[in-house]
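Both counts, for ligands and for their atoms, begin at 1 and track the order of listing. For clarity, every value in this text was computed on a predicted model and none was experimentally measured.
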Amino acid sequence: MKYLDLSLSEVLDLLNAGKVSSVELVTECFDRINETSDLNALNSTYKDEAIKRAREIDERRKNGESVGALAGIPIVLKDNINYLGTKTTCASKFLENFVSPYSATCAERLHAADAIVIGKANMDEFAMGSSNENSAFGAVKNPVDNTRVPGGSSGGSACTVAARQCFAALGTDTGGSIREPSSFCGVVGIKPTYGRVSRYGVVAFASSLDQVGPITRTVRDNAMMLNVISGADEHDMTSSRVSVPDFTSKLEAGVKGIKIGVAKQFFTDALSGEVRNALDKAIEWYKNAGAEIVEIDLPSLVTALAVYYVISSAEAASNLARFDGVKYGRRAPEYTDIVDLYFKSRTQGFGAEVKRRIMLGNYVLSSGYYDAFYRKAKRVQKVIRNEFNEAFKLCDVLISPTTATTAFKLGEKANDCVAMYLTDIFTVPINIAGVPALSMPCGKDANGLPIGMQIIAKHFDEETIYQVANAFETAHKEDK
Ligand code: GLN
């Protein structure tokens, strides 16, 4: 048996009992990373530093000194999260050689909890994509079937956890980038409530939608990771002051009397038969376990994808204006004047999808179109938010598929951006509403590919999500 076959929480118990050392865990991770390097999950790794830190933490533990909540656990960060002294590339040629001058708050909190960052995960460039094929450093492969995509944009984070290269990873989710790859790779990923986790030091894509969240192999591990990274941060004014509960406290509470909402707008013709069956079965299981199933109507859900592409692209165009070849990142080697410098640096530094978003964003913000697109999208966003708020008066959680199908083939949608955007049809509305949602495995299709179930709750009620998720996971352990 390998330690990496255990969950984060199991291995933490072994560490605390002195039955394994962190050095052993880190070493096992790097052996596994070498064995599975063709997955291309990681953009950089820090073996020597990780072993050194593991040794120090082992020493402190042995001496009975106090250690953090995740002491000695090897983890991975998505490559858009700054961690002092390491490269943060956003999988872009623009930032190929950019070294973090400071740590993001979420990374700092993991560091302070004595977790060991062993590397940075590959991703779609600047977190724009659903397949991880938009990386300047090559696509990531799905560890379940190497001919398929792992999902995106946190594809490397989901892949590295599913492939057992580490015990947990952080991703970011603006429209589905934690949940969709978690669904495709068969792991657990949460997009917390907007504002739950500080985004200070995380490279911005669409600031009104971006959230950081953990990807793990179990629900409990996920709650433990979220415990560490959540909470107000004076460096991020959008981080919330709402108090942070212990997310593990209701894990064993069961689902008796829990009201589970099911909205027909999540169960469209786009669903594959196998995904529909798996969800039907899961809902049936919840019913038998004592939950009450409530029918919910979310009539504006269908507009969410259009709203998302207007708002997220507008914000992306503004956020990415800072990459000009002057302050940091890539600078074109030859240019005639400052305008030419901007033009050439941006032309050479950004990939095709990023350029598409910048053009779309500047278009919807331009005078004459601002009212027709951007202002209208913001108005529809309010309608969608209200529908979710109303829904959560009738139920505790909503359950939906995370994606309409299982992982698709590498290259299958690479030249059809609308087909690619449609992958996120069930995840995007959650970011538009700002509510939390988790994706977890709920079965496999005939090819053995994981099927993902999405559990959604009202603002700041991640606790109930974990409660509902853990009940299902516990009852279906043997199916894994
Ligand atoms: N796939 C979506 C997009 O390309 C979502 C990305 C994300 O959540 N970062 O914009």
Side-chain angles (χ1 to χ4, degrees), residues 77-81 90-92 121-135 139-140 149-158 169-185 189-194 197 199 202-215 304-320 350-361 364 377 402-405 407-408 412-414 416-439 452 454:
L77 304 176
K78 187 174 177 179
D79 207 2
N80 58 352
I81 300 175
C90 292
S92 178
N122 204 343
M123 55 186 280
D124 283 301
E125 184 178 8
F126 285 103
M128 297 169 189
S130 310
S131 67
N132 222 302
E133 293 166 295
N134 296 337
S135 165
V140 177
V149 303
S153 65
S154 313
S157 299
L170 289 189
T172 60
D173 189 314
T174 306
S177 280
I178 288 173
R179 292 158 287 153
E180 189 243 14
S182 294
S183 171
F184 282 3
C185 294
I190 195 169
K191 183 210 81 80
T193 310
Y194 182 75
V197 180
R199 293 166 306 140
V202 180
V203 180
F205 166 7
S207 307
S208 77
L209 306 169
D210 296 342
Q211 257 299 281
V212 178
I215 298 176
L305 198 66
V307 168
Y308 171 80
Y309 274 95
V310 173
I311 295 176
S312 68
S313 303
E315 293 183 15
S318 305
N319 274 325
L320 269 56
F350 291 138
E353 185 61 31
V354 176
K355 286 177 187 159
R356 185 166 18 237
R357 305 289 176 105
I358 292 173
M359 286 192 277
L360 183 60
V364 300
T402 308
T403 49
T405 67
F408 48 90
E412 190 179 320
K413 300 188 185 188
D416 183 347
C417 68
V418 175
M420 191 69 87
Y421 297 172
L422 281 165
T423 313
D424 301 315
I425 192 134
F426 301 141
T427 51
V428 149
I430 309 312
N431 303 70
I432 297 298
V435 294
L438 171 142
S439 178
Q454 180 170 242

Polar-atom distance check: [X] versus ligand 1, any N or O pair below 3.5 Å?
X      : result
Gly152 : no
Thr174 : yes
Met128 : no

_Criterion side-chain hydrogen bond (donor to acceptor under 3.5 Å, both in side chains) against Asp210, the qualifying member of Thr174, Asn319, Asn431_ = Thr174
_Heavy-atom side-chain proximity of Val364 to Ser313 below 4.5 angstrom_ = no
*With the side chain counted from C-beta on, respond yes when Val149 and Met420 share a heavy-atom pair under 4.5 Å apart, and no when they do not.*
no
_Quick test: of every protein heavy atom, which one is nearest to atom 10 (O) of ligand 1, and how far off is it to 0.1 Å?_
Tyr308 OH, 2.6 Å
*Nearest protein heavy atom with distance in Å, relative to atom 1 (N) of ligand 1*: Asp424 OD2, 2.6 Å
_With rounding to the nearest 0.5 angstrom, report the OG to CG distance, Ser182 to Asp173._
8.5 Å
*What is the ring orientation for Phe350 with Phe126, classed by angle as parallel under 30°, tilted 30 to 60°, or perpendicular over 60°?*
perpendicular
*Can you spot which of Asp124, Val140, Ile178, Leu170 makes a side-chain contact (heavy atoms from CB on, under 4.5 Å) with Ser154?*
Ile178
Using a strict 4.0 Å cut-off to heavy atoms of [X], name the atoms of ligand 1 that fall inside it.
X      : value
Ser153 : 9 (N)
Tyr309 : 2 (C), 3 (C), 4 (O), 10 (O)
Ala127 : 6 (C), 7 (C), 9 (N)
Asp173 : 8 (O)

Of the side chain and backbone of [X], name the one, both, or neither that has a heavy atom under 4.0 Å from an atom of ligand 1.
X      : result
Phe126 : neither
Phe205 : side chain
Lys191 : neither

*Would Ser92 and Val354 satisfy side chain to side chain contact (heavy atoms under 4.5 Å, CB included), going step by step from the backbone distance to the final call?*
CA-CA 10 Å; Ser92 178; Val354 176; over 6 Å; no
*Is Glu180 in contact with ligand 1, taking contact as a heavy-atom separation below 4.0 Å?*
no
_I want to confirm something. Looking only at heavy atoms, which of Gly151, Pro181, Ser177, Ser312 is nearest to atom 9 (N) of ligand 1?_
Ser177
